[in-house]
**Q** 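Here it is, the structure in full.
All values derive from a computational prediction rather than experimental measurement. A note on names: the letters A, B, ... follow the listed sequences, proteins ahead of strands, and every chain is numbered from 1.
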2 protein chains.
Amino acid sequence: MTDATEGSAPRRTRIQQEKRELILEAALEVFSTNGFRGSTIDQIAEAAGMSKPNLLYYFRRKEDIHETLMERLLATWLAPLRELDDIGDPLTELRSYIRRKLEMARDFPRESRLFANEILQGAPRIMPLLAGELKTLVDEKANVIKGWMRAGKIARTDPWHLIFSIWATTQHYADFDVQVRAVLGPDRGGDGRFEDAARFLEQLFIDGLKPKG
Amino acid sequence: MTDATEGSAPRRTRIQQEKRELILEAALEVFSTNGFRGSTIDQIAEAAGMSKPNLLYYFRRKEDIHETLMERLLATWLAPLRELDDIGDPLTELRSYIRRKLEMARDFPRESRLFANEILQGAPRIMPLLAGELKTLVDEKANVIKGWMRAGKIARTDPWHLIFSIWATTQHYADFDVQVRAVLGPDRGGDGRFEDAARFLEQLFIDGLKPKG
DNA sequence: CAAATTTTTGACCGATTGGACAAACGTTAG
DNA sequence: CTAACGTTTGTCCAATCGGTCAAAAATTTG
């Protein structure tokens with residue numbers, strides 16, 4: 001994907017490519033734990049192992065780093081939803097989607113928190129994207145789900161809120177990780193918590209809480 | 001609840017009580033939308049309609065405002081979970097809990113976002129509370145839920161993750177409100193979205209997605 | 001009333017912030 | 001070697017930050 005903010009792809013040397021990656025990696029770490037305003041260029045520069053003016057040689061403004069980060073994030077973030085399609089068994093498809101989202105929460109918690117930070121503060125930088133690209137994608141998948149309901153493959157319910165609930169429950173394990181670990185305690189809060197969560201979510205979304213029989 | 005940070009309850013004049021409330025109300029608005037570091041004393045002072053030194057006459061440090069806000073928040077925030085008890089039908093109890101939490105997301109979105117901001121950034125100020133008071137409460141309620149499972153009143157599953165999923169799905173409508181409204185669009189994103197969410201969540205938690213029959 | 005106390009404010013301070021800039025350094029091409 | 005170009009850094013700046021302070025204004029008390 002080309003940089004949306006520049007008309008033509010800027011030519012970059014090998015060093016520029018590498019250093020920009022280094023900065024973005026460091027900035028992801030810093031932004032995701034301190035928020036945009038809570039992070040300083042010095043922090044990012046130090047995490048990237050370079051001086052502040054050197055960092056500003058690769059990204060002219062603090063906002064440019066954040067913007068680049070958000071653009072990359074959104075592409076990978078919505079990939080699981082894009083994969084949800086009509087072929088295959090509906091319940092299996094949804095199960096896979098839930099599993100993929102939970103894996104992303106486990107493997108990319110910093111990206112999840114970066115996104116959560118942005119939304120929490122009113123999404124000032126990505127509002128058009130939410131109402132545009134994201135809404136279009138969700139509407140499209142909601143229609144797929146509606147088709148499954150009409151065909152009697154899954155229970156009739158609100159597809160949009162279904163998608164919200166999948167987002168909420170899976171991202172919770174990234175965004176609220178400290179709380180989850182604190183409540184589960186040292187015994188159950190270890191690495192196994194994601195498998196426990198996967199089992200629980202599968203049961204919740206498929207069967208609910210009503211006892212069988 | 002008495003102020004945990006001061007040994008004895010400080011005596012306050014009528015003006016002090018009123019102005020402190022005014023400041024806390026303004027600070028809730030500012031902190032919940034900008035985070036702690038993203039908020040300035042000037043912003044809060046302006047929102048409260050007073051000068052910065054005047055504000056600092058009532059709260060000596062920025063952190064004191066945030067601390068007072070968090071203490072109040074936590075008490076009311078956990079009230080719905082405290083109400084969950086053994087008397088009454090289990091499924092009805094859980095339904096009520098979900099409804100109460102969703103109502104809190106609707107009526108106190110700023111408190112929800114303030115809390116989310118704190119957790120997102122690693123809960124630096126309330127970590128002991130999470131591992132202490134909160135964990136104790138959740139463990140206790142998890143045992144209640146376990147009892148229901150043993151009695152065959154609800155399906156067997158992980159009570160802790162059940163509670164997490166209720167938190168996640170309900171608070172999502174406060175914390176990710178902009179995204180929810182953007183995706184639902186002007187038609188369905190209006191005031192009715194909370195009733196739609198309530199209907200959906202009830203169905204999800206009780207019956208899941210598997211088609212009937 | 002007057003004295004004592006509480007409340008409010010303008011001016012100010014040191015620290016931190018995002019960012020500019022020119023000079024120094026390193027690398028590559030002719 | 002040298003000129004050109006890409007990279008790095010020390011220094012600096014204006015704005016903003018949290019917070020202080022003394023004095024003025026308002027209020028309460030006797």
**Q** Would A:Trp160 and A:Asp139 count as having a side-chain donor-acceptor pair, cut-off 3.5 Å?
**A** yes
**Q** Please determine whether a side-chain nitrogen of the Lys or Arg among B:Arg72 and B:Glu21 lies less than 4.0 Å from a carboxylate oxygen of the Asp or Glu.
**A**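 So B:Arg72 pairs with B:Glu21 through a salt bridge.
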**Q** Are A:Lys101 and A:Trp77 in a cation-pi contact, defined as NZ or CZ under 6.0 Å from the six-membered ring centre and within 45° of the axis?
**A** yes
**Q** Looking at B:Gln16, I'd like to know whether one of its side-chain N or O atoms comes within less than 4.0 Å of OP1 or OP2 on C:dT7.
**A** yes
**Q** Can you tell me how far P of D:dT7 sits from CZ of A:Phe59, to the nearest Å?
**A** 13 Å
**Q** Where each residue is assigned the nucleotide of DNA chain C containing its nearest heavy atom, which of A:Gln43 and A:Arg60 is assigned the position nearer the 5′ end?
**A**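 With A:Gln43 and A:Arg60 compared, the 5'-side residue is A:Gln43.
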**Q** Does this structure show an ion pair linking B:Glu29 with B:Arg113, if we count only N-O contacts that are shorter than 4.0 Å?
**A** no
**Q** Considering only nitrogen or oxygen atoms on both sides, find all protein atoms under 3.5 Å from nucleotides 8-10 of chain D and state each distance.
**A**
unit_1, atom_1, unit_2, atom_2, d
D:dT8, OP1, A:Lys19, NZ, 2.9
D:dT8, OP2, A:Asn54, OD1, 3.3
D:dT8, OP2, A:Tyr58, OH, 2.5
D:dT8, O5', A:Asn54, ND2, 3.4
D:dT9, OP2, A:Ser51, OG, 3.2
D:dT9, OP2, A:Asn54, ND2, 3.4

**Q** Give B:Leu56 one of three labels, base, sugar-phosphate or nothing, depending on what nucleic acid heavy atoms sit under 4.0 Å from its own.
**A**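 Touches a base.
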**Q** Is it the case that the side chains of B:Trp148 and B:Asp86 hold a donor-acceptor pair, with the cut-off being a distance below 3.5 Å and no angle test?
**A** yes
**Q** How long is the line joining CD1 of B:Ile65 and C1' of D:dG19, in whole Å?
**A** 12 Å
**Q** Taking DNA chain C as the partner, which of residues 22-36 of chain B come within under 4.0 angstrom of it by heavy atom?
**A**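 Contacting residues: none.
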**Q** To the nearest angstrom, how far is B:Glu18 atom CD from C:dT8 atom P?
**A**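 One finds 10 Å between P of C:dT8 and CD of B:Glu18, rounded.
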**Q** Going by side chain to side chain contact (heavy atoms under 4.5 Å, CB included), name the residues that satisfy it together with B:Ser51, two or more places apart in sequence or in a different chain.
**A** B:Pro53, B:Asn54
**Q** Should the pair B:Arg100-B:Asp107 be classified as a salt bridge under the 4.0 Å nitrogen-to-oxygen rule?
**A**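 Judged by the 4.0 Å cut-off on N to carboxylate O distance, B:Arg100 and B:Asp107 do not form a salt bridge.
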**Q** State whether the side chain of A:Arg125 and the backbone N or O of A:Glu67 hold a donor-acceptor pair below 3.5 Å, judged by distance alone.
**A** no
